[in-house]
Amino acid sequence: RGEKMENIRELFQVMTRRFGLLNKNCCSIDDVDISLVQSHILYEIDKREHPSMQQVAEALGMDITTFSRQIQNLVKKGLVKKTPLPEDRRVYTLSLTTEGKFIATTIDREINRYLDEVFSHMTEFEKETVIRSIKLLNECMAKSSVCCKPLF
């Protein structure tokens, strides 16, 4: 059992490393360097309609202090706009600036191009199997009592 689990871990290590390199390579656009975390933040803001800071932080599993620092960096870079809610000025909503939208779209296009290239080496059945398996894995991870919490 130990050896089999080790092999599964190795599969995830290799996949994570490859995705990490992909993100590293695609996240410098027009001389603007975007970290992996920042690319995830831009993605989450882009797919929602004026989300609150709390909503995006929760979606990413980040504590609000760390998240706030990242947002400040993205505001300084001119990619994100923070707007206080008129009815409760303690709550801020987030939106992408034109430049932020351009960068989010460019990263999305690059990652999709990469995934299309990866999937081009598979039959349609293999592609559907992989996607179905990833969906199942994501669902099970969401139900796990240890997912997204430190193991030690």
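Heavy-atom minimum distance, Pro51 versus Arg48: CB-CD, 3.7 Å. When all heavy atoms of Leu42 and Ile103 are compared, the pair lying nearest together is CD1-CG2, 4.0 Å. Here the shortest heavy-atom pairing between Tyr92 and Pro84 reads CD2-N, 3.6 Å.
Between the side chain of Thr97 and the backbone N or O of Gly78 there is at least one donor-acceptor pair closer than 3.5 Å. A donor-acceptor distance shorter than 3.5 angstrom exists from the side chain of Thr129 to the backbone of Phe125, with no hydrogens or angles considered. For the pair Glu126 (side chain) and Thr123 (backbone), a donor-acceptor distance under 3.5 Å is present.
Once rounded to the nearest 0.5 Å, the distance linking NE2 of His40 with CD1 of Ile107 reads 10.0 Å. From Gln70, atom CD reaches atom OG1 of Thr65 across 12.0 Å, with rounding to the nearest 0.5 Å. Separation of atoms CD1 (Ile111) and OG1 (Thr106) is listed at 11.0 Å; rounding is to 0.5 Å. With rounding to the nearest 0.5 Å, the separation of OG in Ser68 from CE in Met62 is 9.0 Å.
A donor and an acceptor atom, one from each side chain of Asp108 and Thr105, are nowhere located under 3.5 Å apart.
A search for side chain to side chain contact (heavy atoms under 4.5 Å, CB included) contacts involving Gln54 returns Ser52, Glu58, Ile64, not counting sequence neighbours.
For residues 67-86, no residue pair satisfies the salt bridge (Lys or Arg N to Asp or Glu O under 4.0 Å) rule, not counting sequence neighbours.
When each of Leu79, Ile71, Leu74 is paired with Gln38, the side chain to side chain contact (heavy atoms under 4.5 Å, CB included) condition holds for Leu74 and for no other. Of the residues listed (Ile34, Asp46, Leu60), the one engaging Ile41 in a side chain to side chain contact (heavy atoms under 4.5 Å, CB included) is Leu60, and it is the only one.
Tyr114 and Tyr43 fall into different hydrophobic clusters, where Ile, Leu, Val, Met, Phe, Trp and Tyr are joined by side-chain heavy atoms under 4.5 Å apart, directly or via other members. One hydrophobic cluster, built from ILVMFWY side chains closer than 4.5 Å, cannot hold both Leu136 and Ile8; they sit in different ones. Hydrophobic clustering (ILVMFWY, side-chain heavy atoms < 4.5 Å, transitive): Val118 and Val14 are in distinct clusters.
For the pair Ile131/Phe119, a side-chain contact is recorded, criterion being any heavy-atom separation below 4.5 Å from C-beta on. Counting heavy atoms from C-beta on, the side chains of Val130 and Ile134 come closer than 4.5 Å. Put simply, the side chain of Glu117 does not reach to within 4.5 Å of the side chain of Arg113, judged on heavy atoms.
Side-chain contacts under 4.5 Å among hydrophobic residues (ILVMFWY), followed directly or transitively, place Leu85 together with Val91.
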